[in-house]
Student: 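Pasting in a structure now, in structure tokens, and then I'll have a few things to ask.
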Amino acid sequence: MFSKSKDEKRLVLVFDIGSSSVGGMFFEARKDASPRIIQTIRESIKLEKEINPEKLLHLTTKTLESVAGKLSKVGAGIPTEIFCILSSAFYASQTRTIKFDKNTPFVFTSKLAETLGQKEVDLFKEENKSHKEKIRVFEYKNIKTLLNGYTTHAPLNKKAKSIEISMFISMALESVLHEIEEAISKSFHSKNIEFASFTMASFIVARDMFTHKEDFILIDITGEITEIAVVKKEALAGSVSYHVGTNFFIRKTSEFLAVSLEEAKSIFSLYKDGHAEVSLKRKLDPFMNGLVKEWLRKLEESLTVLGEGVSIPSDMFVTIDDHLQDFFLEIIKKESFNQHAFSSSKFRIFFLDTKTLHGFASFKGETKRDSFLVVESIYLNRFVC
């Protein structure tokens with residue numbers, strides 16, 4: 001996937017499709033250089049009191065249409081590639097292990113790699129086959145290869161008696177991907193829109209930026225979903241997501257105070273930033289503590305599932321909207337959680353934000369910095385030039 005071009009520079013259009021907002025950007029992919037981000041736009045998806053997959057998809061595609069329409073008018077040019085990076089609300093993924101061995105040495109060719117990979121994709125599709133809905137596998141990447149039991153970063157055309165490949169595969173309902181494609185096509189008439197997962201993008205960026213870390217946790221906190229992935233020995237060992245994201249705090253605040261969602265959003269913002277009135281803060285403190293405990297309980301349950309058979313790393317790479325960092329940093333750092341029996345040491349938390357990623361992407365003029373889009377530009381820049 002994402003075969004490289006021989007061009008030195010290419011104009012790439014990217015849509016970041018989350019569970020609470022849609023982002024879009026033009027960036028210049030450059031060979032042997034960092035990506036140059038030309039324009040970014042982000043719009044929130046309308047917050048509803050209750051959400052279901054159909055409603056979320058409808059609201060998301062409407063927001064996507066708006067973002068695409070605005071990007072089509074910025075005068076950046078005609079993109080050579082269009083990518084959609086999906087949050088876990090819209091796809092399912094799995095890390096699969098492929099094992100192949102012979103009694104005598106053989107050459108690991110690109111044809112053999114493709115044959116083994118396609119067989120695993122077919123098995124994944126069959127295991128997740130739905131009688132009602134057609135599915136599409138949109139991502140399959142070899143994330144680690146062992147030859148004769150040793151990790152090999154350039155395995156092709158080398159001899160071995162055994163191969164072990166870790167492959168990350170993602171799929172989505174064909175109807176979901178088709179609606180996304182239709183929304184984009186109203187502004188950009190391209191028949192070749194490629195999809196990828198944010199899990200893979202953040203994994204590759206975290207792994208390549210912090211090359212001294214073989215084991216770590218990825219946490220992606222969005223409006224409707226929190227996703228946790230564990231990386232062991234530079235390979236994705238597994239991931240879990242749960243439907244308790246940042247919007248959970250807003251909806252619960254709305255119910256507790258009997259106010260509209262917009263009012264609750266404003267009140268939550270004041271509270272997390274320490275600007276709420278004393279009387280309101282006194283009323284909200286025990287209530288918010290209960291919500292924090294619930295979010296932490298879900299996180300601990302997820303780590304318990306992911307920890308079966310493997311130890312949980314202590315390094316965490318977190319992606320979240322910048323204005324929510326401090327609030328969730330304090331949640332994760334809570335002493336009771338840090339002393340949990342998941343890790344031998346306290347969790348060390350790193351944000352994959354614009355500060356951490358400074359220097360890994362450049363920007364045209366006063367282009368707005370967007371952490372999620374920066375991660376995606378760094379990831380995609382590897383493949384399109």
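For clarity, every value in this text was computed on a predicted model and none was experimentally measured.
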Student: Is K283 paired with E277 through a side-chain N to carboxylate O contact shorter than 4.0 Å?
Tutor: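 Salt bridge: no.
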
Student: T367 and T40: side-chain donor and acceptor closer than 3.5 Å?
Tutor: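 No pair is found: no donor N or O on one side chain lies under 3.5 Å from an acceptor on the other.
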
Student: Does the side chain of S314 pick up a donor-acceptor pair with the side chain of R348 at under 3.5 Å?
Tutor: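 Present: a donor and an acceptor within the cut-off.
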
Student: Report the relative orientation of the aromatic rings in F317 and F350; use parallel for angles under 30°, tilted for 30 to 60°, perpendicular for over 60°.
Tutor: parallel

Student: Taking atom OG of S185 and atom CD1 of I82, what is their separation to the nearest 0.5 Å?
Tutor: 9.5 Å

Student: Is the centre of the F106 ring less than 6.0 Å from the centre of the F100 ring?
Tutor: yes

Student: Check the side chains of S187 and E65 for a donor-acceptor pair under 3.5 angstrom, ignoring hydrogens and angles.
Tutor: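 No donor-acceptor contact under 3.5 Å links the two side chains.
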
Student: Does one side chain, of Y379 or S202, offer a donor that lies under 3.5 Å from an acceptor on the other?
Tutor: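 No pair is found: no donor N or O on one side chain lies under 3.5 Å from an acceptor on the other.
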
Student: According to the ring-ring contact (aromatic ring centres under 6.0 Å, His included) rule, which pairs have a member within residues 11-48, sequence neighbours left out?
Tutor: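 Residue pairs passing ring-ring contact (aromatic ring centres under 6.0 Å, His included), neighbours aside: none found.
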
Student: Before you tell me yes or no, could you show the steps for S166 and T97 under side chain to side chain donor-acceptor pair (under 3.5 Å), namely the whole-Å CA-CA distance, both residues' side-chain angles and the distance that decides it to 0.1 Å?
Tutor: CA-CA 5 Å; S166 293; T97 300; 4.6 Å; no

Student: Going by distance alone, is a donor N or O of one side chain under 3.5 Å from an acceptor N or O of the other, for S175 and E133?
Tutor: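 Per modelled atom types, S175 and E133 side chains form a pair under 3.5 Å.
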
Student: Ignoring hydrogens and angles, state whether a donor on the side chain of N381 or S34 is under 3.5 Å from an acceptor on the partner side chain.
Tutor: no

Student: May I ask you to say whether K265 pairs ionically with E263, meaning some side-chain N is under 4.0 Å from a carboxylate O?
Tutor: no

Student: Could you tell me whether D16 and R42 have a side-chain N and a carboxylate O separated by less than 4.0 Å?
Tutor: yes

Student: Taking only Lys NZ, Arg NE, NH1 and NH2, and the carboxylate oxygens of Asp or Glu, determine whether E214 and K233 approach each other closer than 4.0 Å.
Tutor: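 Salt bridge between E214 and K233, a charged N being under 4.0 Å from a carboxylate O: no.
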
Student: If we count only N and O atoms by modelled type, under 3.5 Å, do the side chains of E139 and S170 hold a donor and an acceptor together?
Tutor: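 Yes - a donor-acceptor pair under 3.5 Å links their side chains.
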
Student: Salt bridge check: are E164 and K144 linked by an N-O gap of less than 4.0 Å?
Tutor: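 No salt bridge links E164 with K144.
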
Student: Ring centres under 6.0 Å, that's the criterion: do F327 and F268 meet it?
Tutor: yes

Student: Is there a path from F90 to I225 through hydrophobic residues (I, L, V, M, F, W, Y) whose side chains come within less than 4.5 Å of each other?
Tutor: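 Cluster IDs for F90 and I225 differ.
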
Student: So, do F195 and F83 have ring centers that fall under 6.0 Å from each other?
Tutor: no

Student: With no hydrogens and no angle check, do the side chains of T319 and D220 hold a donor and an acceptor under 3.5 Å apart?
Tutor: yes

Student: For residues F328 and F249, establish whether the separation of their ring centroids is below 6.0 Å.
Tutor: yes

Student: Could you check whether E301 pairs with R297 (Lys NZ or Arg NE/NH1/NH2 to Asp/Glu carboxylate O, under 4.0 Å)?
Tutor: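 Judged by the 4.0 Å cut-off on N to carboxylate O distance, E301 and R297 do form a salt bridge.
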
Student: Do V292 and W295 share a hydrophobic cluster (ILVMFWY, side-chain heavy atoms under 4.5 Å, transitive)?
Tutor: yes

Student: Begin with the C-alpha distance, continue with both residues' side-chain angles, and end with the deciding distance and a verdict on salt bridge (charged side-chain N to carboxylate O under 4.0 Å, His left out) for E224 and R251.
Tutor: CA-CA 11 Å; E224 304 296 344; R251 287 194 181 97; 2.9 Å; yes

